[in-house]
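Here's the structure we're looking at; comments come further down.
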Amino acid sequence: MPSQRSLYPDVDSPGLVLDKDRLERNLRAMQAACDAHGVELWPHIKTHKMVPVLRRQLELGARGITCAKLGEAEAMLPSGVRRVFLAHSLADHSKIGRLRWLADQLDELLLAVTSLAHCEVLESLLESFSLPVPVLMAVDTGLGREGTRNPGQSVELAARIRRSPRMTLAGLYTHEGHAYDASNSEEVENRAIAIHRTLSAHAAAIGAPPLPFWPGCSVTALRMVGRPGVRAVRPGSYVFGDLLLSEETKVASFEDNALSVLATVVDRPESGLALIDAGSKMFGSDKTSSGLMARCLELPRLVVRRVSEEHGFLSGKGVDDLALGDRLRFIPAHICPVVNLASQVAVVQGERLVDRWPVDARGRTG
Ligand SMILES: Cc1ncc(COP(=O)(O)O)c(C=O)c1O
């Protein structure tokens with residue numbers, strides 16, 4: 001095996017390395033799929049949390065963005081974004097000043113209503129707004145998190161929203177995160193069919209005028225864009241990819257993975273095991289269903305199955321050929337928490353370091 005010591009010598013180890021060309025391909029592919037079906041792209045920025053990535057999404061045609069938290073939206077404003085959907089149950093009265101300020105910076109702010117109880121709280125929170133705020137109503141399509149559980153609940157919640165002087169009902173949204181349990185394209189297709197059927201049943205029960213659908217998940221996005229009633233999709237992790245997309249659900253290939261953890265082999269305590277200088281403080285704690293926390297980009301037979309805070313336990317065929325000081329890149333199981341743990345990424349093209357981008361919304365969880 002050639003020595004890996006010279007891999008990105010200007011990047012500190014451990015650190016995040018972003019392949020700019022792969023990122024560009026991922027952004028273009030999702031935007032092209034949306035454009036081909038006349039569907040709006042409102043990417044969830046919780047994955048990248050970076051203004052330069054969002055700028056590129058907007059340049060390519062993204063209509064708006066999805067955020068979980070106010071802090072994420074605030075951090076993204078320098079991108080020039082004009083439309084934000086806050087896809088979370090806003091229920092904290094102390095945030096009203098920030099919410100009003102954010103609304104003033106935008107052309108369009110969409111809020112989420114996630115249950116009858118939440119609708120009551122949101123209504124009181126919006127008391128000081130002069131105009132009704134457009135809201136999307138959450139439908140649970142299988143994840144079992146926020147949203148109405150059956151069409152009857154949707155009818156009740158839609159009627160409650162429509163009675164409110166503070167809100168206008170603009171559509172139905174869902175995060176179909178349960179689709180991550182699909183393990184091949186047929187299963188992904190079946191999830192997409194079932195999710196669309198559920199949204200359609202809720203919309204039919206609510207009745208006219210028909211409400212547009214806003215699904216949001218990287219596993220299903222390409223299969224939702226062509227379905228009737230879908231106005232927008234809100235995928236997040238497609239920008240960088242991870243093992244959940246390339247190995248678990250197989251909706252992407254290993255070569256689509258754009259963001260990796262650069263780490264150094266720091267010891268080889270026994271045969272069959274090498275230690276790297278990246279542990280849970282880089283990788284987080286998520287695993288694939290087969291127990292992988294990361295796979296090596298340069299030598300894909302090498303995997304991380306276990307971490308402690310500052311060590312990754314590296315095993316697999318060829319591990320005994322590694323030398324202390326070797327540098328390798330690793331694709332994490334789940335990319336979103338990895339980005340949130342980092343303060344910047346090194347942007348590379350081929351072997352060249354071309355930029356460094358801060359993770360602008362790092363830790364903006366409120
Ligand atoms: C409400 C909501 N929308 C969209 C997404 C994007 O999902 P993904 O990262 O699978 O693309 C998420 C992810 O957690 C979410 O919670």
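Atoms within each ligand, like the ligands themselves, are counted from 1 in listed order. When a residue number appears, it is its place in the shown sequence, counting from 1. Note that this is a predicted model, so its numbers are computed, not measured.
Transitive grouping of hydrophobic side chains (ILVMFWY, heavy atoms separated by less than 4.5 Å) brings Val81 and Met30 into a common cluster.
Between Arg56 and Glu24 there is a salt bridge, since at least one side-chain N of the basic residue sits less than 4.0 Å from a carboxylate O of the acidic one.
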For residues 303-318, dump all side-chain donor-acceptor pairs below 3.5 Å to protein atoms at least two apart in sequence or in another chain.
unit_1: Arg305; atom_1: NH1; unit_2: Ser290; atom_2: O; d: 2.9
unit_1: Glu309; atom_1: OE1; unit_2: Lys281; atom_2: NZ; d: 2.6

Report all side-chain donor-acceptor pairs from residues 334-348 shorter than 3.5 Å, counting only partners two or more places apart or in another chain.
unit_1: His334; atom_1: ND1; unit_2: Asp286; atom_2: OD2; d: 2.6
unit_1: Asn340; atom_1: OD1; unit_2: Gly363; atom_2: N; d: 2.8

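Judged as a ring pair (Phe, Tyr, Trp, His ring centres under 6.0 Å), and not counting sequence neighbours, the contacts of Phe85 are Tyr173.
The CD atom of Glu74 sits 6.5 Å away from atom CH2 of Trp101, with the distance rounded to the nearest 0.5 Å.
Listed by chain and residue number, the protein contacts of ligand 1 are His44, Lys46, Ala87, Arg145, His175, Tyr180, Gly216, Cys217, Ser218, Arg234, Pro235, Gly236, Ser237 (heavy atom within 4.0 angstrom).
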